[in-house]
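In what follows, a single structure is set out as structure tokens and then discussed.
Any value given below was found using the heavy atoms of this structure, including those in side chains, with hydrogens, waters and symmetry copies removed. Here, residue 1 is the first one in the sequence, and each next residue gets the next number. Everything numeric in this text was worked out from a predicted model, so none of it was measured.
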Amino acid sequence: MEKLNRKVFYLAGFDPRGVRYYYGLYREQVARYAALSGEDVTVSARRAGPASSAVWTVTNDAAGVETDYEFLRWEDLVAGKWIRSPLLLAWRSVGAFVGNLRFMQLVRMRRLRKGPVITILYPPILGTLIPLVYALVPALLLWIMLPFWAAAAIGVAVSAVTAGRRIRAMMIPWLLRFHAYHHRLAAQGPGPELDERLDLFARRIVETFGEPWDEILIITHSAGTIQAMSLLRRLLDLHGPRLPDNVTLVCMGQVVPVVGLRTDACWYHADLRALADKQFRYVDFSAPPDGAAYYNVNPLLLVADQYVARVDMLSPRFHIFYDPENRRHGYASKYEAHFDYLRVGDRISPVDFVSLTAGPRTIDESIALFRALP
């Protein structure tokens with residue numbers, strides 16, 4: 001059996017949990033894949049990589065596959081921007097909300113996808129209304145028997161105890177941090193630390209272009225897809241106007257318009273515009289029910305009228321790989337649904353995360369099989 005040698009670079013989203021969490025998640029999903037497929041897949045211990053990265057080896061002996069998996073680390077930069085103070089988060093969220101109203105092309109965004117418009121607007125609105133309602137209702141009821149100041153104080157106390165649980169269940173604090181960070185990213189640019197880290201990642205990836213890999217996958221998820229466009233520009237600047245044929249950029253749960261549709265993000269528009277006449281392979285997996293992702297919205301067309309890249313825009317079609325009782329419904333499960341791109345369902349998909357990174361087919365073979373499914 002001829003061996004398939006695969007190189008994977010993974011860039012996570014705006015998440016301070018970093019490599020420890022994602023390594024554990026990957027091992028968990030590999031075990032699930034192995035149980036469903038009958039293939040014996042092993043994941044090595046993780047070790048320090050050469051460029052702010054962690055590396056592990058994925059071996060699928062039954063399928064004749066070995067994958068060198070390199071996790072590109074920027075969780076330290078995320079942790080530095082992760083707002084922990086509720087008061088500071090509230091203040092920054094006001095700035096992000098006003099910034100999006102001023103600079104986001106909301107009408108165009110709504111024409112592209114309605115869900116993300118709601119995802120942008122509802123966290124600050126509900127983050128204000130929920131504590132207010134939880135305080136106001138008991139205060140008004142108690143005002144019948146108590147002085148106003150006492151009823152108000154009790155209402156505030158009730159809200160402080162109960163509203164936070166509801167807000168956290170809807171992942172509102174996480175979304176507020178996400179939008180506060182990307183508001184500043186759009187308005188001010190990546191800054192020297194992130195610029196330096198992306199330069200480091202780009203140099204590391206280009207080093208592997210001359211190595212004997214059957215395929216090189218650069219996989220990004222969520223907010224990592226925003227950074228992926230800037231990373232891709234750097235790869236092309238370093239390597240030339242055409243990436244090798246065995247290199248594919250894969251974006252999962254793509255959110256590029258969060259910055260790409262901001263009229264003040266001129267630096268990012270320049271990155272996107274620079275990709276228009278370059279040749280590379282781009283695959284996008286974004287699910288229509290995912291309210292954070294931009295299903296079937298090609299980021300290469302946000303600032304350009306045409307492109308020459310080879311592009312596939314696909315839905316992962318979670319509904320055919322999960323049993324009905326295991327599909328996620330409601331706002332409380334939206335956050336977990338956004339991570340289903342990295343999981344294995346009740347049935348194996350040719351293009352689920354583990355199949356792409358540890359399975360026996362190249363990405364083009366996997367997509368061809370996926371397209372042939374009824």
Will you find, in the side chains of Asn246 and Glu215, an N or O donor that is under 3.5 Å from an N or O acceptor? no
Counting only heavy atoms not in Arg108, do more than 12 fall under 6.0 Å of its CZ? yes
Side chains of Tyr341 and Asp290: is there a donor and an acceptor less than 3.5 Å apart? yes
Donor on one side chain, acceptor on other, Asp277 and Tyr307, under 3.5 Å: no
Report yes or no: do His338 and Ser222 form a side-chain donor-acceptor pair below 3.5 Å? yes
Quick one about Arg262 and Asn100 (side-chain donor to acceptor, distance below 3.5 Å, no hydrogens or angles considered), yes or no? yes
Face-on cation placement of Arg17 at Phe339 ring, 6.0 Å and 45° thresholds: yes
Which distance, rounded to the nearest 0.5 Å, do you find between the CD1 of Ile216 and the CZ of Phe209? 6.0 Å
Any side-chain donor near an acceptor of the partner, Asp364 and Thr362, under 3.5 Å: no
Distance-only donor-acceptor check, side chains Ser53 and Glu70, under 3.5 Å: yes
Is the NZ or CZ atom of Arg46 positioned over Tyr23's six-membered ring, under 6.0 angstrom from the centre and within 45° of the axis? yes
Could you tell me whether the side chain of Thr67 and the main chain of Thr357 form a donor-acceptor pair under 3.5 Å? yes
Say whether Glu39 and Asn60, considering side chains only, have a donor N or O and an acceptor N or O under 3.5 Å apart. yes
Hey, is the main chain of Val255 close enough, under 3.5 Å, to the side chain of Thr225 for a donor-acceptor pair? yes
With salt bridge (Lys or Arg N to Asp or Glu O under 4.0 Å) as the test, would you mind laying out the steps for Asp61 and Lys3 before giving the verdict? CA-CA 9 Å; Asp61 284 329; Lys3 193 173 186 178; over 6 Å; no
Would you sort out whether Phe14 and Trp82 count as a ring pair (Phe, Tyr, Trp, His ring centres under 6.0 Å), showing the intermediate values? CA-CA 9 Å; Phe14 186 70; Trp82 195 259; 5.5 Å; yes
Is it the case that Arg317 places NZ or CZ above or below the six-membered ring of Phe370, under 6.0 angstrom from the centre and within 45 degrees of the axis? yes
Steps toward side chain to side chain donor-acceptor pair (under 3.5 Å) verdict (Asp284, Gln254): CA-CA 7 Å; Asp284 188 303; Gln254 182 254 121; 3.0 Å; yes
